[in-house]
Q: 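One structure coming up, written as C-alpha cells, with questions to follow.
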Amino acid sequence: MRILIVGAGAIGLLYGTRLARAGIAVRMLTRTSAQAQRLNLEGAALLEGDQTFIVRLQADVLSDRRVTASPGDWIWLTVKQTHMDDSFIDGVAKLAGQGASVLSLQNGIGHMPRLRAALPRNPLYAAITTEGALKVDARTIRYTGKGEIAFGTNDSEILPNKTEAEELSQKMLLHALQSAGIKASLSNEMDNRTYTKLLINAVINPLTALYGVKNGELPKDPLRMTMMAALHDECLTILTAAGMLDDGEAWQRLLMVCEHTASNESSMLKDVREGRSTEIDWINGGIATLAQRMKMPSPLNDAVTIIIKALHPK
Ligand SMILES: NC(=O)C1=CN([C@@H]2O[C@H](COP(=O)(O)OP(=O)(O)OC[C@H]3O[C@@H](n4cnc5c(N)ncnc54)[C@H](OP(=O)(O)O)[C@@H]3O)[C@@H](O)[C@H]2O)C=CC1
Ligand SMILES: CC(C)(CO)C(=O)C(=O)O
C-alpha cells in the first residue's frame, strides 16, 4: 500500500515519519522544492520527549508532473484549511484520478463538500485526530500530545454496501496505522466526532488568540471563564441542532483539553502571533454558517470570526 501525504507540516510529518518508520511506503508532497530536497537529503526528524528519530522518506513537490503519473492508493491531505483554495483542490483531483482514496485531516468544517464536488468518484474520508504536533523547521517536528486518529465517511455518505475494494483498502490503512503504533479506528459517526472536536476548537482557539494566553491559562480567570461558557453554550446549541450527540460531557471535556494541553499555544494564537491567516472561517465561521442554514442566531460566533479576521495580515 502506498500513501501520499500532501503537506509536510506538523501533522503530515507526525504521521509520515511514524508510518515510514514502520516500513509503510510513504511519500511526502510539499509545496516547495526546497523542502522536498531537504527531506530527501537529510530525512525528517521526529522529536519525542528527549529522543530524536531521523526517518528516511521520499519527498516530491505536489506540482511535479511525475507525481501525478504515479498516484498512491491513499492520499492524505494534511494542509491547513487556509491552504485549500480552488487550485489546491484541482491539484488533488488530478493526483487522485478516479481510483485513490482521499483522507482529509483538518480542524473545522466546510472542506469536505468542496472535496466531494471535485472528487465525485473517489472514496473520500474525513479524519479527526486528538494527537498534537508542532513544526520546528522544514524537516523537524515535535510530538506534543499523544492521542488517536479516527477516520470514516461523513454521515451523508454512509452507504449500505461498500465495495469489496473499498473495504479492503480501509482495513489495510487501519492495519498500517496500527502496525506503526498509531492508535486508530474506523468510525461510522464522523459528523459527531467532527462536531465534538469543532466545539473544542471553537472555544479554545479564538479565545486564546484574543487573550494571548496558553490553553491552560484560559479557565484561570473568572471573566475569561464567563466568555468560554457563553461561547460554549452557543456552539453546543448549534452543533446539537446540526446532529452532534449531547452526552452532557461537553463542558467538562473542554476544561480537560485546557488542562491536558495547558502549556500549548493554540494553533490560532500561533497563527496570529506569526502574522498568518487563521482557520477561523472554518471553525467559528463554519458554526455560524451551520446556524444560518438552520435559521438560528449565532451572535458570538459571528463576533469572534470578525474580531479574529481583523487580526489577519492585510
Ligand atoms: N498540529 C496539530 O497538533 C494539529 C493540527 N490539526 C489540523 O491539521 C491541519 C494541518 O495542521 P498543521 O500540520 O499543524 O499545519 P502546518 O502549517 O504545520 O502544516 C501544513 C503544511 O501544508 C503545506 N502546504 C501548504 N500548501 C501546500 C500545497 N499547495 N502543497 C503541498 N503542501 C502545502 C505547508 O507548507 P509550507 O510551510 O511550505 O507552506 C505546511 O508544511 C490543520 O487543519 C490543523 O487545524 C489537527 C489536530 C492537531
Ligand atoms: C485542541 C487544541 C486547542 C490544542 O491546542 C487545538 O487543536 C489547536 O490548537 O488547534
Side-chain angles (χ1 to χ4, degrees), residues 4-16 27-36 38-39 44 59-64 67 75-92 95 103-112 126-150 193-194 196-209 213-218 228 253-272 274 276-283 286:
L4 302 184
I5 300 185
V6 185
I11 283 292
L13 284 173
L14 179 67
Y15 287 103
R27 198 161 164 201
M28 303 301 307
L29 297 183
T30 62
R31 185 176 60 81
T32 64
S33 55
Q35 189 187 15
R38 193 149 175 221
L39 286 168
D60 292 286
V61 186
L62 174 62
S63 56
D64 187 331
V67 172
I75 297 172
W76 282 37
L77 307 180
T78 55
V79 299
K80 283 189 165 174
Q81 294 277 10
T82 44
H83 302 137
M84 297 178 90
D85 58 15
D86 290 347
S87 93
F88 175 81
I89 290 187
D90 277 358
V92 170
L95 183 65
L103 176 148
S104 203
L105 210 164
Q106 281 69 37
N107 279 335
I109 53 172
H111 55 301
M112 295 305 291
I128 291 290
T129 181
T130 54
E131 306 222 76
L134 196 64
K135 187 171 169 183
V136 176
D137 64 31
R139 65 178 283 265
T140 311
I141 51 139
R142 175 167 291 286
Y143 194 178
T144 53
K146 288 203 190 298
E148 53 190 283
I149 181 169
R193 283 180 189 263
T194 303
T196 302
K197 178 90 194 280
L198 180 60
L199 175 52
I200 290 166
N201 290 123
V203 178
I204 299 179
N205 293 28
L207 297 185
T208 49
V213 296
K214 291 190 170 164
N215 297 354
E217 294 301 310
L218 197 56
M228 278 179 82
R253 211 163 22 238
L254 182 62
L255 295 180
M256 287 243 305
V257 173
C258 288
E259 194 183 317
H260 287 158
T261 63
S263 57
N264 278 23
E265 270 186 5
S266 76
S267 54
M268 200 168 282
L269 173 57
K270 241 184 251 107
D271 283 339
V272 167
E274 288 169 25
R276 290 187 295 258
S277 293
T278 72
E279 294 185 299
I280 194 79
D281 274 335
W282 298 269
I283 297 179

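When a ligand or atom number is given, it counts from 1 through the structure's own listing order.
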Q: So, for Leu103 and Ala127, which heavy atoms are closest and what is the spacing to 0.1 Å?
A: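 That closest heavy-atom pairing would be CD2-CB, 3.7 Å.
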
Q: Could you pull out the closest heavy-atom pair between Glu131 and Tyr15, with the gap in Å?
A: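 Closest pair (atom of Glu131, atom of Tyr15, distance): OE2-OH, 3.1 Å.
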
Q: State whether the shortest distance between N or O atoms of Lys135 and N or O atoms of ligand 1 falls below 3.5 angstrom.
A: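 Checking ligand 1 against Lys135, an N or O pair does fall under 3.5 Å apart.
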
Q: Side chain or backbone of Thr144 under 4.0 Å from ligand 1, or both, or neither, by non-hydrogen atoms?
A: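 For Thr144, no heavy atom sits under 4.0 Å from ligand 1.
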
Q: At what distance is the nearest protein heavy atom to atom 47 (C) of ligand 1, and which residue and atom is it?
A: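 Checked against all protein heavy atoms, atom 47 (C) of ligand 1 sits closest to Lys197 NZ, 3.5 Å.
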
Q: Considering distance alone, does some N or O of Ile11 sit under 3.5 Å from an N or O of ligand 1?
A: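 There is such a contact, yes.
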
Q: Return the residue, atom name and 0.1 Å-rounded distance of the protein heavy atom closest to atom 2 (C) of ligand 2.
A: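 For atom 2 (C) of ligand 2, the nearest protein heavy atom comes out as Asn201 ND2, 4.0 Å.
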
Q: Any idea which atoms of ligand 2 are less than 4.0 Å away from a heavy-atom of Ile204?
A: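 Answer for ligand 2: 3 (C).
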
Q: For the residue pair Lys80 and Asp271, establish whether any side-chain heavy-atom pair is separated by less than 4.5 Å.
A: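 Yes - at least one pair of side-chain heavy atoms lies under 4.5 Å apart.
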
Q: Between Arg31 and ligand 1, does any nitrogen or oxygen pair lie at a separation below 3.5 Å?
A: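 For ligand 1, there is an N or O atom that lies under 3.5 Å from one belonging to Arg31.
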
Q: Using a 4.0 Å heavy-atom threshold (strictly under), name the region of Arg276 that reaches ligand 1: side chain, backbone, both or neither.
A: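 For Arg276, no heavy atom sits under 4.0 Å from ligand 1.
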
Q: What atoms of ligand 2 come closer than 4.0 angstrom to any heavy atom of Asn264?
A: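 It comes down to these atoms of ligand 2: 4 (C), 5 (O).
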
Q: Backbone, side chain, both or neither: what part of Gln106 comes under 4.0 angstrom of ligand 1, heavy atoms only?
A: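 Both parts.
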
Q: Tell me, which protein residue and heavy-atom name are nearest atom 29 (N) of ligand 1, and how many Å apart are they?
A: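 Checking every protein heavy atom, the shortest distance to atom 29 (N) of ligand 1 gives Phe88 CD1, 3.5 Å.
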
Q: Below 4.0 angstrom from a heavy atom of Gly132, which ligand 1 atoms are there? Numbered from 1 as shown, please.
A: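 In order of number, 3 (O).
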
Q: Applying a 4.0 Å heavy-atom criterion (strictly less than), which segment of Leu134 is in contact with ligand 1: side chain, backbone, both, or neither?
A: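 Within the 4.0 Å criterion, Leu134 makes no contact with ligand 1.
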
Q: How does Val79 reach ligand 1, if at all, at less than 4.0 Å between non-hydrogen atoms: by side chain, backbone, both, or neither?
A: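 The answer is both, backbone and side chain.
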
Q: What is the nearest protein non-hydrogen atom to atom 17 (O) of ligand 1, stated with its residue, atom name and distance?
A: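 Checked against all protein heavy atoms, atom 17 (O) of ligand 1 sits closest to Lys80 CE, 3.7 Å.
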
Q: Going by heavy atoms in the side chains, are Met228 and Leu255 under 4.5 Å from each other?
A: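 Met228 vs Leu255: side chains touch.
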
Q: First locate atom CZ of Arg27, then atom CD1 of Ile5, and finally report the distance between them rounded to the nearest 0.5 Å.
A: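 The CZ atom of Arg27 sits 12.5 Å away from the CD1 atom of Ile5.
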
Q: Do Met268 and Ile283 come close enough that some side-chain heavy atom pair is under 4.5 Å?
A: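 In contact.
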
Q: For atom 34 (C) of ligand 1, what's the nearest protein heavy-atom neighbour? Residue, atom name and distance, please.
A: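 The closest one turns out to be His83 CE1, 4.1 Å.
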
Q: Nearest heavy-atom pair of Thr278 and Thr82: which atoms, and what distance?
A: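 So the minimum-distance heavy-atom pair works out to O-CG2, 3.2 Å.
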
Q: Hey, which atoms in ligand 2 end up nearer than 4.0 Å to a heavy atom of Ser266?
A: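 Under 4.0 Å from Ser266, ligand 2 has these atoms: 5 (O), 9 (O).
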
Q: What are the atoms of ligand 2, with element, lying closer than 4.0 Å to any heavy atom of Ser267?
A: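 Result: 8 (C), 9 (O), 10 (O).
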
Q: Any nitrogen or oxygen of Glu279, main chain or side chain, under 3.5 Å from a nitrogen or oxygen of ligand 1?
A: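 Such a contact does occur with ligand 1.
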
Q: Out of curiosity, is Ala133 lining ligand 1, as in a heavy atom under 4.0 Å away?
A: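 Checking ligand 1 against Ala133, which is what was asked, there is a heavy-atom contact under 4.0 Å.
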
Q: Could you tell me the residue and atom name of the protein heavy atom closest to atom 5 (O) of ligand 2, and the distance to it rounded to 0.1 Å?
A: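 Here the closest protein heavy atom is Asn215 ND2, 2.9 Å.
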
Q: About how many Å separate CD of Gln106 and CG of Asn201, when rounded to the nearest 0.5 Å?
A: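 Between Asn201 CG and Gln106 CD, I get 12.0 Å after rounding to 0.5 Å.
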
Q: If we only count heavy atoms from C-beta on, is the Val79 to Arg31 side-chain gap below 4.5 Å?
A: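 Sidechains of Arg31 and Val79: no contact.
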
Q: Among all the protein's non-hydrogen atoms, which is closest to atom 8 (O) of ligand 1, and how far away is it?
A: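 In this structure, atom 8 (O) of ligand 1 has Leu105 O, 3.4 Å as its nearest protein heavy atom.
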
Q: Provide, to 0.1 Å, the distance between atom 30 (N) of ligand 1 and the closest protein heavy atom, together with that atom's residue and name.
A: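 Nearest protein contact, heavy atoms only, for atom 30 (N) of ligand 1 is Leu62 CD2, 3.5 Å.
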
Q: Taking heavy atoms and a distance under 4.0 Å, where does Thr78 meet ligand 1: side chain, backbone, both or neither?
A: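 For Thr78, only backbone atoms sit under 4.0 Å from ligand 1.
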
Q: For atom 19 (O) of ligand 1, what is the closest protein heavy atom, and at what distance to 0.1 Å?
A: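 In this structure, atom 19 (O) of ligand 1 has Gly9 CA, 3.2 Å as its nearest protein heavy atom.
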
Q: Which ligand 1 atoms are under 4.0 Å away from a heavy-atom of Leu29?
A: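 So the atoms of ligand 1 that pass are 31 (C), 32 (N).
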
Q: Just to be sure I'm reading this right: ignoring hydrogens, which of Ala127, Ala10, Gly7, Gly145 gets closest to atom 12 (P) of ligand 1? Compare them by their nearest heavy atoms.
A: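 Going through Ala127, Ala10, Gly7, Gly145 one by one, Ala10 has the nearest heavy atom to atom 12 (P) of ligand 1.
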
Q: If you take all heavy atoms of Ile204 and Cys258, which pair is closest and at what distance?
A: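 For Ile204 versus Cys258, the nearest heavy atoms are CD1-SG, 3.8 Å.
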
Q: Pick one of side chain, backbone, both or neither for how Thr30 approaches ligand 1, counting any non-hydrogen atom pair under 4.0 Å.
A: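 It is the backbone that touches ligand 1; the side chain stays farther off.
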
Q: Considering only heavy atoms of Asn205, which atoms of ligand 2 have at least one such atom less than 4.0 Å away?
A: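 What qualifies from ligand 2 is 3 (C), 8 (C), 10 (O).
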
Q: So with a 6.0 Å cut-off around NZ of Lys214, is the heavy-atom count from everything else above 12?
A: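 No.
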
Q: Of all heavy-atom pairs between Val213 and Glu217, which one has the smallest distance, and what is that distance?
A: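 Shortest heavy-atom separation between Val213 and Glu217 comes out as CB-CB, 3.7 Å.
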
Q: Would you give the length of the straight line joining atom CD of Glu279 to atom NE2 of His111, rounded to the nearest 0.5 angstrom?
A: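 Separation between the atoms: 9.0 Å.
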
Q: How many angstroms lie between CE in Met28 and CG in Leu13, if you round to the nearest 0.5 Å?
A: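 Separation between the atoms: 4.5 Å.
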
Q: Testing the basics here: between Leu198 and Trp282, what is the closest heavy-atom pair and its distance to 0.1 Å?
A: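 Where Leu198 meets Trp282 most closely, the heavy atoms are CD1-O, 4.0 Å.
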
Q: Check each heavy atom of Ala8 against ligand 1 and say whether those closer than 4.0 Å belong to the side chain, the backbone, both or neither.
A: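 Backbone only.
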
Q: Please list, in number order, the atoms of ligand 2 under 4.0 Å from a heavy atom of Asn107.
A: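 Within the 4.0 Å cut-off of Asn107, ligand 2 contributes 7 (O), 10 (O).
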
Q: Do Leu77 and Met84 have side chains that approach each other closer than 4.5 Å (heavy atoms only, starting at C-beta)?
A: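 Yes; the side chains approach each other to less than 4.5 Å.
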
Q: For atom 7 (C) of ligand 1, which of the options Thr32, Asn107, Asn264 provides the nearest non-hydrogen atom?
A: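 Of the listed residues, Asn107 has the closest heavy atom.
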
Q: Rounded to the nearest 0.5 Å, what's the gap from OG1 on Thr30 to CG on Leu39? Could you check?
A: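 So the OG1 of Thr30 and the CG of Leu39 are separated by 7.0 Å.
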
Q: Does ligand 1 come near enough to Ser267 that some N or O of the ligand is less than 3.5 Å from an N or O of the residue?
A: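 It does not: no N or O of Ser267 is found under 3.5 Å from an N or O of ligand 1.
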
Q: For atom 48 (C) of ligand 1, what is the nearest protein heavy atom, given as residue, atom name and distance?
A: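 Here the nearest protein heavy atom works out to Glu131 O, 3.3 Å.
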
Q: For a 4.5 angstrom cut-off between non-hydrogen side-chain atoms, does Leu14 reach Tyr143?
A: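 In short, these two side chains touch, coming nearer than 4.5 Å.
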
Q: About how many Å separate CG of Asp281 and CD1 of Ile109, when rounded to the nearest 0.5 Å?
A: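 One finds 11.5 Å between CD1 of Ile109 and CG of Asp281.
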
